[in-house]
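This report concerns only the one structure given below.
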Amino acid sequence: MRLKELPKELRDRIVARHRSGQGYKRIAAALKVPKSTVASIILKWKKFGMTRTLPRPGCPAKLSNRGRRALLREIFYLNPRYILFIHLVLNDMIHVILTVILFVISYTVQKIKLYICCVIVLFARLATENTPLNVACMAIECYIAICLPLRHSRICTINKTLMLIGLIWVTSMSVVLPDLFVTLATQPLDFFHSTRVCHKVGIFPNPVLVKKKYITHSVFLVIVWFTIFYTYFRILFTARAASKDSKKARNTIILHGFQVLLCMATYVGPQLLDALQQHFLVNYRDSIFAFYIVVHVLPRSISPIIYGVRDETFRKYLKRNMLCK
């Protein structure tokens with residue numbers, strides 16, 4: 001006689017409780033499910049990254065390319081965590097490409113038309129503003145998954161995640177686009193057809209914009225730092241209370257904190273550049289390049305390692321693709 005299978009909702013609840021740090025015995029007692037069943041469901045989730053029923057034993061069926069793409073889409077494109085991670089990687093790629101173009105121009109051509117420079121600088125600044133906000137949103141999603149596991153499926157839906165990404169871009173545009181509007185209102189059109197060194201100070205010379213940048217960056221710095229500190233420490237305390245071995249959670253928090261600290265340097269970038277100009281006036285261009293590597297390139301190089309390679313499911317499929325399996 002065939003036994004009745006557990007509903008998928010119940011299996012998801014078992015995995016959610018396991019991710020929050022509860023043991024097999026405690027989960028089995030709370031949900032009134034045999035301990036062996038709880039262990040098999042969690043083992044299948046760790047191995048395959050899902051809780052749905054796998055194909056029955058029998059003649060082995062080779063997964064077609066279409067089926068493989070559908071499986072990858074279910075795992076990566078329908079998971080809010082991976083959607084935010086993919087958005088972070090694409091945004092960082094845009095940022096690095098545009099900033100490298102600006103550096104190449106500054107070291108070779110040096111002077112270009114301001115309207116071309118304005119387009120590149122605006123998109124580069126949008127990508128720069130997006131990164132800390134995206135990291136903060138990923139921290140909130142991780143907090144909900146670990147501290148509120150039973151509500152995660154209702155709060156972190158695909159539509160809400162896409163709306164959150166749209167909100168990130170709208171917030172960044174509300175910071176960047178006023179500089180363009182103020183410059184268009186205060187400068188003649190011939191100003192944008194002139195040839196100058198491509199630098200944001202030369203494109204947006206109004207001193208009010210400098211004060212506006214200091215204020216907005218200060219507000220964003222406080223909000224993002226508060227979000228990061230609150231979520232990460234709640235995650236750490238939850239992991240420590242649920243498990244005696246919290247070393248892995250502590251190491252993860254330290255690694256995330258280092259990456260976020262580098263991202264937060266974006267908000268104090270103007271102050272750092274002023275300090276570099278005062279103390280390294282002779283080698284100021286070299287100092288700017290070092291500042292660019294440390295503040296802009298380094299945190300975007302660490303992000304794929306923290307949020308991608310260290311993830312078990314992502315690492316498994318990354319190995320398969322790299323080995324062409």
Side-chain angles (χ1 to χ4, degrees), residues 1-64 67-83 85 138 141-158 161 231 234-253 307-321 323 325:
M1 181 178 179
R2 184 178 174 181
L3 298 178
K4 186 177 180 181
E5 293 182 349
L6 294 180
K8 188 176 183 302
E9 181 182 357
L10 182 56
R11 284 176 276 168
D12 292 339
R13 291 174 61 188
I14 291 174
V15 172
R17 287 178 175 268
H18 171 71
R19 292 180 64 183
S20 66
Q22 296 184 17
Y24 292 176
K25 186 176 181 180
R26 185 177 176 183
I27 296 174
L31 300 180
K32 297 180 180 180
V33 177
K35 184 179 177 181
S36 59
T37 305
V38 172
S40 63
I41 291 174
I42 294 174
L43 180 62
K44 181 172 69 174
W45 172 76
K46 288 182 177 179
K47 186 175 181 180
F48 300 101
M50 63 185 68
T51 59
R52 65 182 181 85
T53 304
L54 297 173
R56 300 294 179 187
C59 181
K62 185 177 180 181
L63 191 64
S64 63
R68 188 179 293 108
R69 289 194 298 268
L71 180 62
L72 291 176
R73 181 178 182 274
E74 181 178 350
I75 295 175
F76 293 109
Y77 296 101
L78 299 179
N79 189 318
R81 181 174 304 174
Y82 293 125
I83 293 175
F85 172 65
M138 294 180 71
E141 190 277 335
C142 187
Y143 161 76
I144 296 173
I146 295 177
C147 300
L148 304 171
L150 301 181
R151 302 181 184 178
H152 181 266
S153 59
R154 296 197 303 268
I155 298 176
C156 300
T157 61
I158 305 301
T161 304
T231 54
R234 284 294 302 271
I235 291 171
L236 180 61
F237 295 150
T238 302
R240 181 174 296 178
S243 175
K244 294 181 180 179
D245 185 14
S246 60
K247 184 178 180 180
K248 183 178 179 181
R250 184 188 61 200
N251 293 338
T252 302
I253 296 299
Y307 302 106
V309 179
R310 296 184 78 250
D311 185 85
E312 293 182 4
T313 305
F314 186 88
R315 185 169 62 249
K316 180 181 67 175
Y317 284 95
L318 180 63
K319 288 181 180 178
R320 288 185 181 179
N321 288 314
L323 299 177
K325 290 185 178 181

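The shortest side-chain heavy-atom distance between V33 and I27 does not fall under the 4.5 Å cut-off. In this structure, the side chains of P149 and R19 stay at 4.5 Å or more apart for every pair of heavy atoms.
When every heavy atom of P34 is checked against every heavy atom of A28, the shortest pair comes out as C-CB, 4.2 Å. Listed here is the closest heavy atom pair of C142 and R81: CA-NH2, 4.3 Å.
Annotation: the span from I42 atom CD1 to R11 atom CZ amounts to 13.5 Å, rounded to 0.5 Å. Rounded to the nearest 0.5 Å, atoms OG1 (T161) and OH (Y82) are 14.0 Å apart. With rounding to the nearest 0.5 Å, the separation of OG1 in T37 from CG in L10 is 9.5 Å. Here CG of L43 is found 10.0 Å from NE2 of H18. Values are rounded to the nearest 0.5 Å. We find the CE-OG1 distance between M138 and T231 to be 12.0 Å, quoted to the nearest 0.5 Å. Separating the OG1 atom in T157 from the NE2 atom in H152 is a distance of 10.0 Å, to the nearest 0.5 Å.
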Could you give me the CA-CA distance, side-chain angles and deciding distance for V38 and R17, then say whether side-chain contact (heavy atoms from CB on, under 4.5 Å) is met? CA-CA 11 Å; V38 172; R17 287 178 175 268; over 6 Å; no
